[in-house]
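First up is the structure itself, then whatever we jot down about it.
Given the structure is predicted, the values throughout are model-derived calculations rather than measurements. Remember, it's 1-based here, ligands and their atoms both numbered in the order they're listed.
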Amino acid sequence: MDRIRILGGQPLMGRIAISGAKNAALPLMTAALASDEPLVLENLPRLTDVRTLARLLSELGVETALEELPRAGDGSGGDRLTLNAANITSTTASYELVSKMRASFWVLGPLVARFGEAKVSLPGGCAIGARPVDLYIKGLEKMGCEIELDEGYVIARAPKGGLQGAVIRSPLVSVGATHTLMMAAALANGVTTLENAAREPEVADLAECLNAMGAKIEGAGTSSIRIEGVKKLHGTTHKVLPDRIETGSYAMAAAMTGGEVTLTGTRPDTIEAALTVMRAAGVEALVKGDEITVRRNGSRLQAVDVVTQVYPGFPTDLQAQFMTLMTCAEGEAEITETIFENRFMHVQELARFGANISLHGDKAIVHGVEKLKGAPVMASDLRASAALVIAGLAAEGETIINRVYHLDRGFERIEDKLGRCGARIERLK
Ligand code: UD1
């Protein structure tokens, strides 16, 4: 298993090109199932999650052609993936692949909408809480689906004549359920409204792609989405939205090491909440077009409290990284996690660097220390791994991060991107 070795203490200086968003790429890939014409995705990040989903789609009979395009000198660019779901051979998504990654479950929506039935294993993915699928099931039932749970599989059957439009009000905001129900509704009979829908930019990106395929979706990006079902969707080419979580992670790495880094090719408007909190902590963040320059001028960061929220609030996917930033801030920061109940696994690993954090239910109290010291640590989930990298970059001495495969699921060439900015980081095979 690969490990990452970091010699910390070097301020990051330079430019980092932001890749396409993993959390947009995955739902976009599942959208290919909704049409019998090719969907071409550009600016695709090179990640194991993308490959895992591509494998699952090819198991279903989707023809997948991945072009691994060379990155430009500054590291910008992405891959191109053509997905052709003209000849689907199966509507069953196996445990073996779905259990690797929760987003694979989302094939349920387009499969049942286009083929009238789907059998999809209950999901796995990062171990960050229970993560049930009740909202997906209730939503599909409202559209007339019969749902059966059998040996770890969800079996969905549409009524004769296809799914029916419905008013679906979700008791809580779910990104994945919004993606899934939006794709299902795109091919249903009549109008569906999703109330209390997720407003994440990735939902808006998926809607933009579906509309380019002929869907009639309005309001994506707000909490009320109206979808007028159409008979058929056609092919299109779509460029994946830049990754706001990658952007925020590198912004925090720059702030933590006390350097100056310009993040290029991003969408600053999608990361407002995190920039606001970072500025309150004393980080300079200058936005110009599609670039953000992040700088800390040597003075110590100040502790700031944070509560994770659904978009446009502070993202749970940056909670671990922000906690790392607070480990060396002056004062005491209270970090409240409201989205996932078990997303503090990084706390014990950060303690290995000398961080002083106490846990109280859904709150972590971070008492700032003068500095961190390098340590051998273990990545527990995708975003927590990024937090450990950030800690290692700022810590004195050597850090070894084990279980790097978590990082490779969601961060493209992290050691290259950081290495370009002067980080002493290498992958040990
Ligand atoms: C997506 C993101 C993930 C991010 C999360 C929240 C992708 C690939 N993943 O995950 O990175 O951390 O949004 O921003 O885009 N819930 C239920 N019942 C359901 C569905 C969800 O109770 O049927 C709960 C979950 O347990 C969780 C909360 O709702 O507590 C939010 O989860 P959700 O928004 O669905 O997350 P994902 O779509 O899985």
Does ligand 1 have any atom sitting under 4.0 Å from a heavy atom of [X]?
X: E202; answer: no
X: P132; answer: yes
X: R343; answer: yes

**Prompt:** So which bit of F105 gets within less than 4.0 Å of ligand 1, heavy atoms only: side chain, backbone, both or neither?
**Reply:** neither
**Asked** Between L172 and ligand 1, which residue portion shows a heavy-atom distance shorter than 4.0 Å: side chain, backbone, both, or neither?
**Response** side chain
Under 4.0 Å from any heavy atom of [X], which atoms of ligand 1 are there?
X: G176; answer: 35 (O), 38 (O)
X: D317; answer: 3 (C), 4 (C), 11 (O), 12 (O)
X: T316; answer: 6 (C), 12 (O), 14 (O)
X: R102; answer: 20 (C), 39 (O)
X: I339; answer: 27 (C), 28 (C), 30 (O), 31 (C)

What I want to find out is whether [X] reaches [Y] closely enough, with some N-O distance under 4.0 Å, to be called a salt bridge.
X: R15; Y: E291; value: yes
X: E202; Y: R244; value: yes
X: E42; Y: R80; value: yes
X: K22; Y: E412; value: no
X: E228; Y: R226; value: yes
X: D408; Y: R427; value: yes
X: R71; Y: D79; value: yes
X: R5; Y: E426; value: yes

**Asked** Do the side-chain N and O atoms of D381 and H346 include a donor-acceptor pair separated by under 3.5 angstrom?
**Response** no
So, regarding [X] and ligand 1 (criterion: nitrogen or oxygen to nitrogen or oxygen, under 3.5 Å), is there a contact or not?
X: A177; value: no
X: H179; value: no
X: K22; value: no
X: L135; value: yes
X: D134; value: yes

**Prompt:** Do F314 and F322 make the cut of ring centroids closer than 6.0 angstrom?
**Reply:** yes
**Request:** Pick whichever of Y311, Y136, F340, W106 has a heavy atom sitting closest to atom 5 (C) of ligand 1.
**Result:** F340
